[in-house]
Each structure stands twice: as C-alpha cells, then as structure tokens.
There are 2 protein chains.
Amino acid sequence: METFKVGALAALRAEGYRLTQQRGVLIDLIGQSADHLNADDLYRLARARDGRISLSTVYRTLSLLKRHKLVAEIHLSEEHHHYEPVTGDAHYHLVCRQCGGVEEFGAQVIETLSDALRRDYGFTINNVELDVTGTCRSCTV
Amino acid sequence: METFKVGALAALRAEGYRLTQQRGVLIDLIGQSADHLNADDLYRLARARDGRISLSTVYRTLSLLKRHKLVAEIHLSEEHHHYEPVTGDAHYHLVCRQCGGVEEFGAQVIETLSDALRRDYGFTINNVELDVTGTCRSCTV
DNA sequence: TTATATGCAAAAGATTTGCAACGGA
DNA sequence: TCCGTTGCAAATCTTTTGCATATAA
C-alpha cells in the first residue's frame, strides 16, 4: 500500500526540483504519518530526526507538495492547518469529541451527494471537504 | 422568517449580559447578512453605520454569540473565519471556483450520510461541516 | 559551477489580551 | 453606583518573505 501517488516524486525531480536532505525527511514523515500533522508537528519530528531544518522550510515544502497534489491541506476547525499524504482515494474525517481521535471513511457515500448536487443545483464538484464531529464507537457508552 | 433563534437574545440579557450599542449593531448586521461575513467585514459595516466600535469588540462579540450558539463559525478554506446567524435549519455550502459565490443547500441530503455513518462506523454525529467546491450553474459554460 | 534551497530574522495577517476609562442597569 | 464592556495598544500565533549563505546536480 503506497502512501504517495506513484511516480509523483520522480515527476518532481524531472521538473528540476532538488531532492534535499530536508525534503527527504519531510516527505518520509508525511508518508509514514498515521494521523494528520500540522506544520509544527512536522517541524518537531524532522528536527528530532535530523536537526538541520527550519520552520520556513517545512512551510515551503508543504506548499510545494500541495501545489503538486502530493499532500492535501485539511481544515479541522482549528486555528492552524493539517496535512496528509494524497493517496488517490478520496476520504473524509470523523472527529471524536471525547477522545479527539480522527477516523476516516470512504468516498462511496459522497457519490450520492455529488449526484444530488449536480441534479438539484447544477453544481459541478471539484472538491468536497467534509468533517464530521461526534462520538466514536469506542467512546459511546 | 426569523434569523436568530427565537428567545436567544432575551436569554443573553437574562444571564446578565448587557445589550450595548455595539452589540446591538453587530447582532443587527449578522442577522441581516445575506452572505457570510468575516470579522473585518463586520468591523467595516459596523463602523460605517455607527463609528464607535473596535475590532476587539467585534471579536469579543462573535465569541460571545458563538458560545451561545447564536452564530456559527464556518471554515471556507480561507485563512480567516466566516460567520453566519444560527437559524436552526442545518445547511451546507457550495463554493464556486469561478465566481467565488457561496450557495447553500439543505439538510435532507445529509440525513442519508448520518444514517450510513451510524450504521457502518458506530459514529454518533454532533456536527457536520461540509463545504463543496466546484463550478456553479451560472459559471458552467 | 550555478541556480535552487535553506536558515534566520523580520514581516504580515488574524485573533487575543491587559488595563484604564466608559456606560448600561 | 457598580460591575460588565469597550477602545487602544501590545502580545500571540500561524504563515510568508527577503536576503545572504549553503548545497544538489
């Protein structure tokens, strides 16, 4: 199961971008991350692993990866952004109020939604950002 | 068609909050707003109408109204927040990439989603934040 | 070698807060 | 009068940017 889209990193290099020490570490961390990291998380993790990185570089790398659709920026109702690797499978988030855990669910449920919006509103969908807050199974008494 | 929840303002006063000049103007503006205002929009509008208000007061008032569920904070993938009056009818946003317009759609389409999430993931929903980006009918060639 | 990337520090934009003065009830 | 509220300015937090230096190719 790959985390990043196949061939995407190669494409970056083909476009003339350099694969620096720092980018390597960041791409690694994002790819392995189970949960959704913010810029500061990444900064800390990268710094712990290597030590030679600045927060600016984290932001600049995230911006580069975003532009190339390698990471997605998600908005979980907090004051800062979170990031996750783009895998090609659309998915959405369930945030539990009790434990703070973030589960993901798949795209099939969105298809009905897309159809309805096209039919009823004439709206062509590019992107769906859907975050559901509630209580997850484990926290339900 | 009321904009704010009935009795909610009275409840605020009953709790000992004062209905100041500034709060009056802000509540008025939010209630009448057709589109989703951010703090700075509100500041400008209030200032134009009255002149005696600061940005801090706008934020403090929004925070108060948020705490009392009189306004909802919405996250339209921008760097700042937007606000809208809480009416009791759940609704969601369609943001058009071409014209930037924001349409709303109703809750019926969400019910299916809620049912599926409860059934398949055992998740009890408190809040759904759903923002769809795409091309609206008028911008579709 | 040489253009791209980095680190640092400063800037920018949104939001929050401390404090003295103000003004509803 | 009295305590909640306001305005102002300064602080905070996240993200961006300018510039001299470092480094991948």
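Below, chain A is the first sequence line, B the second, and so on; all start at residue 1. Being a predicted model, the structure only gives us computed values, none of them experimental.
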Short question: side chain of B/S54, backbone of B/T57 - any donor-acceptor pair under 3.5 Å?
yes
Evaluate whether atom CZ of B/R52 has more than 12 neighbouring non-hydrogen atoms of other residues, nucleotides or ligands under 6.0 angstrom away.
no
At a cut-off of 3.5 Å, list every protein nitrogen or oxygen paired with a nitrogen or oxygen from nucleotides 4-7 of chain C, distance to 0.1 Å.
{"unit_1": "C/dT4", "atom_1": "O4'", "unit_2": "A/R18", "atom_2": "NH2", "d": "3.4"}
{"unit_1": "C/dT4", "atom_1": "O2", "unit_2": "A/R18", "atom_2": "NH1", "d": "2.9"}
{"unit_1": "C/dA5", "atom_1": "OP1", "unit_2": "A/R18", "atom_2": "N", "d": "3.4"}
{"unit_1": "C/dA5", "atom_1": "OP1", "unit_2": "A/R23", "atom_2": "NH1", "d": "3.1"}
{"unit_1": "C/dA5", "atom_1": "O5'", "unit_2": "A/R23", "atom_2": "NH2", "d": "3.2"}
{"unit_1": "C/dT6", "atom_1": "OP1", "unit_2": "A/T20", "atom_2": "OG1", "d": "2.8"}
{"unit_1": "C/dT6", "atom_1": "O3'", "unit_2": "A/Q22", "atom_2": "NE2", "d": "2.9"}
{"unit_1": "C/dG7", "atom_1": "OP1", "unit_2": "A/Q22", "atom_2": "NE2", "d": "3.2"}
{"unit_1": "C/dG7", "atom_1": "OP1", "unit_2": "A/R52", "atom_2": "O", "d": "2.7"}
{"unit_1": "C/dG7", "atom_1": "OP1", "unit_2": "A/I53", "atom_2": "N", "d": "3.0"}
{"unit_1": "C/dG7", "atom_1": "OP2", "unit_2": "A/S54", "atom_2": "N", "d": "2.9"}
{"unit_1": "C/dG7", "atom_1": "OP2", "unit_2": "A/S54", "atom_2": "OG", "d": "2.9"}
{"unit_1": "C/dG7", "atom_1": "OP2", "unit_2": "A/T57", "atom_2": "OG1", "d": "2.4"}
{"unit_1": "C/dG7", "atom_1": "N7", "unit_2": "A/R60", "atom_2": "NH2", "d": "2.9"}
{"unit_1": "C/dG7", "atom_1": "O6", "unit_2": "A/R60", "atom_2": "NH2", "d": "3.2"}

Please check the phosphate of C/dT16 (OP1 and OP2 only) for any side-chain N or O of B/Y59 closer than 4.0 Å.
no
First-last contacting nucleotides on DNA chain D - partner chain B, under 4.0 angstrom, heavy atom
D/dC3 to D/dA9
Decide yes or no on side chain to side chain contact (heavy atoms under 4.5 Å, CB included) for B/D28 and B/R49, but give the supporting numbers first.
CA-CA 11 Å; B/D28 220 38; B/R49 178 184 297 198; 2.7 Å; yes
Could you check how far NE2 of B/H80 sits from P of C/dA12, rounded to whole Å?
19 Å
Sub-4.5 Å side-chain heavy-atom contact between A/L12 and A/R23
no
Derivation of the side chain to side chain contact (heavy atoms under 4.5 Å, CB included) call for B/L65 and B/I30
CA-CA 10 Å; B/L65 295 175; B/I30 296 169; 3.8 Å; yes
At less than 4.0 Å, is any side-chain N or O atom of B/H81 found next to OP1 or OP2 of C/dT15? Yes or no.
yes
In short, B/V58 meets B/A39 closest at the heavy-atom pair CG1-O, 3.6 Å
With side chains defined as the heavy atoms from C-beta onward, is the minimum distance between A/T61 and A/Q22 less than 4.5 Å?
no
Residue pair A/D41 / A/H36: nearest heavy atoms and the distance that separates them
OD2-O, 4.3 Å
